[in-house]
Amino acid sequence: MDMHTVVVGTSGTTAQDVIAVARGNARVELSAAAVSALAAAREIVDALAAKPEPVYGVSTGFGALASRHISPELRAQLQRNIVRSHAAGMGPRVEREVVRALMFLRLKTVASGHTGVRPQVAQTMADVLNAGITPVVHEYGSLGCSGDLAPLSHCALTLMGEGDAEGPDGTVRPAGELLAAHGITPVELREKEGLALLNGTDGMLGMLVMALADLRRLYTSADITAALSLEALLGTDKVLAPELHAIRPHPGQGASADNMLRVLAGSGLTGHHQDDAPRVQDAYSVRCAPQVNGAGRDTLAYAATVADRELASSVDNPVVLPDGRVESNGNFHGAPVAYVLDFLAIVAADLGSITERRTDRLLDKNRSHGLPPFLADDAGVDSGLMIAQYTQAALVSEMKRLAVPASADSIPSSAMQEDHVSMGWSAARKLRTAVDNLARIVAVELYAATRAVELRAAEGLTPAPASLAAIEALRAAGVEGPGPDRFLSPDLAAADAFVRAGGLVSAVEPVTGPLA
C-alpha cells in the first residue's frame, strides 16, 4: 500500500485526495478537529433522541414512512434494517476504485460534524479503507437522489460485518470474516447513523472526480494526435497562430491551439498545400481541432468547479447545524453533479467524433494527399488500417448513444415522496464507459497518424522533433506498427494502454515543454 496519508478534516477534501485514496491506496486518518466535531454533533443527536417529540431520522421512519414515531427500544433495529433493506443493488460489481472513492467521500461528509455519527463509526470507516477491504457494490440501485442509496448501503453492510467484501488479496469473502482478520470490530448502529451512512452523492461525485482526471489527460493526448494528423496530411499550422485565437478568447481553445503549435514546431511537413491550388483550406476536422478540443476543455473546467463545490459540501438529510438544530433538507439531490456528468459525456462524444474523421481522412487515398490507401504496405494484398477505422467508428457510434443525458429523465419512487430524481449515478456509469471508449478512439488516431508521419519521412520530408519522440516512445511501448501478415489488435491494445497511462504526453513534453 502507498504510505501517503490523507487527513480528513471538517471542511471537505480535494480531488487529489480522492484520487490518492481511490487509486493510490493512500491511508486515511481523522483529524483531531474532525473527532471533536463528530463528538459534539453526536451529543446533539443523543439529546434529541431522549426527547418525546419525534425528530426525522432520529426517532422516526424514513421517506414515505417518516410519519411513524419509533420507540427507543426499536431504534437500533431501525438503523440496522434501513441498511439491510436498502442494500438491494443488482448487476455486475462496481470497480474497486469507485467503491473506495464512495467510502472515502462518505467519510468526508461524516467527518464534517453535520451528520451526528459517533467518532467510532467514522474511525471504523477509515479502518476498513486502510485495511484494503472493499465492499461488493452492484451496478444498479441508485436513482441519484436521497443519495446513492443502494451503493452506500452495501458499504454500510460491511461496517456492520454483513454482506460480502473483497479483501486486499482480491478474494471475495463474508465481510465479518474480513473485519475479524484485520482486527476491526463491526459497528452497532445507533440513532440516525444508518441513515447518515446512506444519504449522499458520493458515488457519482467520486466517478466525476476520476473522469475529470482521465479526461484532462485524454484531451492533451488528443491535441497531440490532432497535430500529428495535421502534419501527416501536409496541413498548415498557420491556423494555430496565437493572434487568431486571441480574437476568440475561449481559454480552452487557446490552450489546445498552443499545444498543437508546440508539437508541430520544427516540422518540415506543414504548409505544403499552400502551393496546391485545389486545396485552399484544410478540412474542418483538421482546421477546427482547437475549437472543438478547446470547448471540451472549457467544459472540463466548469465540471471541475462543480466537483470542487461538492467536495466542500456536507451532504446528508437531516443535518446537524451548529446551533443545535437537526433539520431536514434536499441537499442530497444529485442534479448539480448529474448535469455535468452528462455534459462531459457530450463533449467526449464530440471529441471522439472529430478524432475519427481525421483518421478516416488519413486512410482515404482521395483525401490524404499522397499517402497509400489505408496506409497499407501493399494495398489490395494488405488492407492496412481499414478495420482499425471500423473499430474506431463503432466506438464513436456508441459514444453518441452514451451522450444521451441520463439527467433528463426522472422516475418517482418511495410512494411518490421521492418524486423527482437526478439519475446522476446512471450518468456517472455511462461516462466511465465513454471515457474508456475515448481512450481507444484517440489510440487509433495515434496509431494511424504515426504510421502516416513515418511514411512521409520515408519520402524525404522532416517530421517535427515532437512527432519523432512520440513515434519512438510508442515503439518502446510495444507498438510495432502495421506490416505484412501482422495482427493489428495487439498493437491497438498497446497503443490504448500507452494513451491511458499518459505515455504520449510524457513522450512529447521533453521536446515541447509542459502542455496544457
Side-chain angles (χ1 to χ4, degrees), residues 15 207-230 239-240 242 244-245 248-263 283-308 336-359 392 395-407 427-428 430-446 449 496 499-500 502 504-505 508 514-516:
M207 286 186 274
L208 172 60
V209 168
M210 290 186 284
L212 284 167
D214 294 339
L215 285 169
R216 288 188 187 102
R217 184 165 56 247
L218 287 176
Y219 265 83
T220 303
S221 298
D223 288 342
I224 296 170
T225 59
L228 292 171
S229 291
L230 183 153
V239 296
L240 306 175
L244 292 175
H245 299 280
R248 195 188 190 196
H250 293 287
Q253 176 179 324
S256 285
D258 182 63
N259 282 348
M260 291 180 65
L261 195 59
R262 287 198 280 140
V263 170
Y284 282 11
S285 61
V286 178
R287 189 180 1 142
C288 300
Q291 286 76 10
V292 174
N293 293 20
R297 285 177 170 276
D298 290 342
T299 302
L300 295 185
Y302 169 64
T305 298
V306 173
D308 287 343
V337 182
Y339 295 160
V340 294
L341 287 162
D342 280 332
F343 204 171
L344 292 176
I346 292 169
V347 298
D350 200 40
L351 179 59
S353 179
I354 196 172
T355 299
E356 182 275 332
R357 287 294 78 207
R358 288 190 297 268
T359 302
Q392 192 185 40
L395 290 164
V396 169
S397 183
E398 184 181 13
M399 293 281 280
K400 293 172 182 176
R401 295 190 293 273
L402 293 167
V404 175
S407 59
K430 69 185 183 67
L431 177 60
R432 283 182 69 82
T433 302
V435 171
D436 273 351
N437 286 353
L438 180 59
R440 297 180 180 109
I441 291 165
V442 172
V444 174
E445 182 182 25
L446 173 63
D496 177 33
V499 168
R500 287 172 193 268
L504 179 57
V505 180
V508 168
L515 298 175

Decide yes or no on side chain to side chain contact (heavy atoms under 4.5 Å, CB included) for Leu515 and Ile224, but give the supporting numbers first. CA-CA 9 Å; Leu515 298 175; Ile224 296 170; 3.8 Å; yes
Residues which pass salt bridge (charged side-chain N to carboxylate O under 4.0 Å, His left out) with Arg440, listed by chain and number, not counting sequence neighbours: none
Nearest heavy-atom pair of Ala516 and Asn259: which atoms, and what distance? N-OD1, 3.0 Å
Within this structure, what is the OG-NZ distance for the pair Ser353 and Lys400, rounded to the nearest 0.5 Å? 4.5 Å
How close do Tyr219 and Gly296 get, heavy atom to heavy atom, and via which atoms? OH-CA, 3.5 Å
Closest non-hydrogen atom pair, Arg217 against Gly502: CD-CA, 3.3 Å
Partner set under side chain to side chain donor-acceptor pair (under 3.5 Å) for Ser397, not counting sequence neighbours: Arg401
With sequence neighbours excluded, residues passing side-chain contact (heavy atoms from CB on, under 4.5 Å) with Asp298: His250, Pro251
Smallest heavy-atom separation, Ala406 atom then Lys430 atom, equals N-CE, 3.6 Å
Across all chains, not counting sequence neighbours, the side chain to side chain donor-acceptor pair (under 3.5 Å) partners of Asp258 are Arg262
All salt bridge (charged side-chain N to carboxylate O under 4.0 Å, His left out) counterparts of Asp436, not counting sequence neighbours: Arg500
Can you give me the closest heavy-atom contact between Arg358 and Ser285, atom names plus distance? NH1-O, 2.9 Å
Sequence-distant partners of Ala301, side-chain contact (heavy atoms from CB on, under 4.5 Å), two or more places apart: none
For the atom pair OG (Ser221) and CG (Leu215), what is the distance rounded to the nearest 0.5 Å? 11.0 Å
Check step by step if side chain to side chain contact (heavy atoms under 4.5 Å, CB included) holds for Glu398 and Thr433. CA-CA 9 Å; Glu398 184 181 13; Thr433 302; 4.1 Å; yes
Sequence neighbours excluded, the answer for side chain to side chain donor-acceptor pair (under 3.5 Å) partners of Asp350 is none
May I ask you to test the Val499-Thr225 pair for a side-chain heavy-atom distance under 4.5 Å? no
Atom of Ala403, atom of Ala349 and distance for their closest heavy-atom approach: CB-CB, 4.0 Å
As an exercise, state the distance from CD1 of Ile346 to CG of Leu402, rounded to the nearest 0.5 Å. 11.5 Å
Return all side-chain donor-acceptor pairs below 3.5 angstrom for residues 288-295, not counting sequence neighbours, or 'none' if the list is empty.
unit_1: Asn293; atom_1: ND2; unit_2: Asp223; atom_2: OD1; d: 2.8

What distance do Ile441 atom CD1 and Leu395 atom CG have between them, rounded to the nearest 0.5 Å? 5.0 Å
Sequence neighbours excluded, the answer for side-chain contact (heavy atoms from CB on, under 4.5 Å) partners of Thr299 is Phe343, Leu344, Val347
side-chain contact (heavy atoms from CB on, under 4.5 Å) with Thr305: which residues, sequence neighbours excluded? Arg309
Would you say the side chain of Gln392 lies within less than 4.5 Å of the side chain of Thr355, judging by non-hydrogen atoms? yes
Checking Thr220 now: which residues fulfil side chain to side chain donor-acceptor pair (under 3.5 Å) with it, not counting sequence neighbours? Arg297
Heavy-atom side-chain proximity of Met207 to Leu431 below 4.5 angstrom: no
